[in-house]
Trainee: 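Quick one: the structure is below, questions incoming.
This is a predicted model, so every value here is computed, not measured. Just so we're on the same page: letters track the sequence lines, and every chain starts at 1.
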2 protein chains.
Amino acid sequence: MHALLVEDDDRMAHALVTALAQRGHTVRRVGRASDALQHAHEAEFVLLDLGLPDLDGLELLRRLRAVCDAPLIVVTARCGERDIVQGLRAGADDYVVKPFRTVELMARIDAVRRRTDPSSGGKDIGGGDTGGPVRTGDVEIDPAARTVTVAGAEVRLTRREYDVLAFLAARPGEVHSREEILDRIWGDVYLTASRSLDVHVAGVRAKTGRPGLIRTVRGFGYQLGAADQDDGP
Amino acid sequence: MHALLVEDDDRMAHALVTALAQRGHTVRRVGRASDALQHAHEAEFVLLDLGLPDLDGLELLRRLRAVCDAPLIVVTARCGERDIVQGLRAGADDYVVKPFRTVELMARIDAVRRRTDPSSGGKDIGGGDTGGPVRTGDVEIDPAARTVTVAGAEVRLTRREYDVLAFLAARPGEVHSREEILDRIWGDVYLTASRSLDVHVAGVRAKTGRPGLIRTVRGFGYQLGAADQDDGP
DNA sequence: CGACCCCTGTCATCCCCCTGTCACCTGGGA
DNA sequence: TCCCAGGTGACAGGGGGATGACAGGGGTCG
């Protein structure tokens with residue numbers, strides 16, 4: 001079982017690497033957000049410290065979730081109610097507050113893996129969906145670089161715009177409800193009444209020049225569509 | 001979503017029932033281990049207090065796990081490392097120590113359900129029971145993509161039309177009463193006298209070009225039928 | 001200070017859902 | 001065989017919810 005440990009503190013990282021190795025895991029430890037995103041696709045599960053210096057923790061969590069569906073446990077010193085709730089809503093499977101007991105953390109890792117290993121293989125992810133670039137028509141979305149190219153030319157999307165597009169691209173063709181998208185990207189479902197999601201979807205359509213790239217499923221949500229064709233009737 | 005709450009303290013139970021009901025869950029609350037085991041099979045998820053008077057909590061947890069694989073969260077005052085680790089190892093998906101914040105507990109319930117419920121996205125209608133696509137004749141219904149294809153060509157159904165078809169497709173050949181369909185999709189039985197259901201069934205038949213795809217059971221309801229091609233005059 | 005991004009509010013449009021009506025079909029009884 | 005009653009199919013029209021387009025304020029970062 002290969003773990004990705006995202007932790008900037010050397011002493012903490014060392015302790016966790018030792019504990020994980022004792023239980024038979026191989027570990028890649030990274031200390032920066034960019035490295036975490038780069039290696040996310042290799043991980044079979046992720047331990048994430050939200051206190052990295054170079055990127056907001058919640059933001060990193062959302063970006064990881066956009067490219068990687070592996071079990072993920074947040075391990076952090078942030079213990080506020082808002083932190084915990086937002087972390088869980090943004091896609092974390094569990095949330096452990098420092099200081100913690102190593103044995104408990106290991107037990108929680110096992111509990112999460114118990115749920116994700118046998119059953120969750122249902123969705124056929126793992127081919128090119130999670131790690132590598134996703135292409136539809138002449139549009140290419142590269143999660144590692146956070147870039148989008150249309151007909152070979154790079155398009156500059158804002159953070160939210162890219163998040164929405166990448167989230168949909170993680171499972172091409174699958175329909176995601178408004179609630180699900182807001183929950184995963186914004187970490188908050190109560191924005192359902194807001195116009196934010198619509199605005200950013202419109203931004204992606206306008207900047208890419210491919211109105212069909214994100215397809216509206218009226219009354220439900222959005223899905224990644226074909227990029228080079230306009231929708232039929 | 002139907003919850004089983006195992007809690008002997010009335011005040012705590014009342015607070016949790018209220019919180020769960022506010023989030024749309026139905027709750028059965030029991031205060032004794034024997035009742036918990038009796039109702040375990042109905043539960044879609046379980047909240048378990050380990051401090052029951054009539055049976056050791058860990059033992060109850062193991063017995064519940066023997067008869068029920070639903071997501072289970074331990075909610076208890078026992079905060080020792082040994083308690084937590086044993087609880088998780090005995091099959092709990094999460095372990096929350098009293099006193100806890102209600103919002104956090106709800107977020108943890110959602111996080112666990114996200115992993116165990118394949119249709120975590122939105123309503124539990126379209127793709128709830130069926131993991132994969134359903135095919136009958138040359139018609140294929142894909143719950144993940146919310147799409148329907150006839151002879152390989154995609155047919156665009158509206159939300160209600162798709163909901164009705166997907167509901168019937170979840171159990172091919174089984175007859176569903178009008179009441180049941182209205183209850184599950186509209187959440188309202190009192191539309192029985194309305195023509196809505198008929199209209200949407202007609203819509204599916206017309207758009208797919210397969211009149212036999214949904215078969216009428218006169219005086220009762222509808223069922224998914226064979227999607228034979230239209231050899232019309 | 002300026003640029004950029006995100007969120008919110010408003011307006012207009014679209015089309016989906018519901019309803020009402022009529023006609024046809026089915027099944028039972030005389 | 002004929003008649004009747006209830007259920008269903010077909011169709012059209014109104015209302016309202018959902019979405020797209022746009023503009024403005026607030027915040028952040030360089």
Trainee: Please tell me if B:Ser196 has a side-chain N or O lying less than 4.0 Å from either OP1 or OP2 of C:dC18.
Mentor: yes
Trainee: What is the distance, rounded to the nearest whole Å, between atom CZ of B:Arg159 and atom P of D:dG17?
Mentor: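 Checked: the CZ to P distance equals 12 Å.
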Trainee: In the structure I gave you, are the side-chain heavy atoms of B:Val96 and B:Val74 within less than 4.5 Å of one another anywhere?
Mentor: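 Not touching, per the 4.5 Å side-chain cut-off.
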Trainee: What I want to find out is whether A:Arg115 reaches A:Asp93 closely enough, with some N-O distance under 4.0 Å, to be called a salt bridge.
Mentor: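 So A:Arg115 does not pair with A:Asp93 through a salt bridge.
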Trainee: The test is side-chain hydrogen bond (donor to acceptor under 3.5 Å, both in side chains); show your working for B:Arg135 and B:Thr149 and say whether it passes.
Mentor: CA-CA 9 Å; B:Arg135 179 177 301 171; B:Thr149 57; over 6 Å; no
Trainee: Give every residue pair that meets the ring-ring contact (aromatic ring centres under 6.0 Å, His included) criterion with at least one member in residues 151-170 of chain A, sequence neighbours excluded.
Mentor: A:Phe167-A:His176
Trainee: Does A:Thr147 have any side chain to side chain contact (heavy atoms under 4.5 Å, CB included) partners at least two apart in sequence or in another chain, and if so, which?
Mentor: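 With sequence neighbours excluded, A:Thr147 shows a side chain to side chain contact (heavy atoms under 4.5 Å, CB included) to A:Asp142, A:Ala145, A:Glu154, given in chain and number order.
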Trainee: Does NZ or CZ of A:Arg160 lie under 6.0 Å from the centre of the six-membered ring of A:Trp186, at an angle within 45° of the ring axis?
Mentor: yes
Trainee: Expressed as a whole number of angstroms, how long is the span from A:Glu161:CD to C:dC4:C1'?
Mentor: 11 Å
Trainee: Taking the axis from the first five pairs and the axis from the last five, what angle separates them in the helix from C:dC1-D:dG30 to C:dA30-D:dT1, rounded to 10 degrees?
Mentor: 30°
Trainee: Hey, could you give me each pair passing ring-ring contact (aromatic ring centres under 6.0 Å, His included) that has a residue in residues 45-82 of chain A? Not counting sequence neighbours.
Mentor: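 As it turns out, the ring-ring contact (aromatic ring centres under 6.0 Å, His included) pairs with a partner in residues 45-82 of chain A, which skip direct neighbours, are A:His25-A:Phe45.
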Trainee: Could you give the CZ-to-C1' distance, from A:Arg215 to D:dG20, as a whole number of Å?
Mentor: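 Rounded to the whole Å, the gap is 17 Å.
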Trainee: So, OP1 or OP2 of C:dC5: does either fall under 4.0 Å of a side-chain N or O from A:His200?
Mentor: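 Indeed not, no polar side-chain atom of A:His200 lies that close.
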Trainee: Which residue lies toward the 5' end of DNA chain C, A:Val199 or A:Lys207, if each is placed at its nearest nucleotide?
Mentor: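 Mapping each residue to its closest nucleotide by heavy atoms, the 5'-most match is A:Lys207.
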Trainee: Can you tell me the distance, in whole Å, between the CG atom of A:Asp56 and the P atom of D:dC29?
Mentor: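 It is 10 Å, rounded to the nearest whole Å.
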Trainee: Side-chain N or O of A:Arg160 versus OP1/OP2 of C:dC7: is the shortest distance under 4.0 Å?
Mentor: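 True: A:Arg160 side-chain N/O within range (under 4.0 Å) of C:dC7 OP1/OP2.
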Trainee: Might you confirm whether atom CZ of A:Arg32 has over 12 heavy atoms from other residues, nucleotides or ligands at distances under 6.0 Å?
Mentor: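 Count not over threshold, so no.
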Trainee: For C:dC7, does either OP1 or OP2 sit under 4.0 Å from a side-chain N or O belonging to A:Trp186?
Mentor: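 Yes, such a contact exists.
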Trainee: Using a cut-off of less than 4.0 Å, is there contact between a side-chain N or O of A:Ser194 and OP1 or OP2 of C:dT8?
Mentor: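 For C:dT8, OP1/OP2 do have a side-chain N/O of A:Ser194 under 4.0 Å.
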Trainee: Go through the structure and list residues passing side chain to side chain contact (heavy atoms under 4.5 Å, CB included) with A:Ala111, not counting sequence neighbours.
Mentor: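 In terms of side chain to side chain contact (heavy atoms under 4.5 Å, CB included), with neighbours along the sequence ignored, A:Ala111 is linked to A:Arg114, B:Leu88.
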Trainee: Strictly under 4.0 angstrom, non-hydrogen atoms only: write out the protein contact profile of nucleotides 4-9 of chain D, one letter per nucleotide from the 5' end, B, S or -.
Mentor: --BSSB
Trainee: A:Leu58 CG to C:dC6 C1': how many Å, rounded?
Mentor: 17 Å
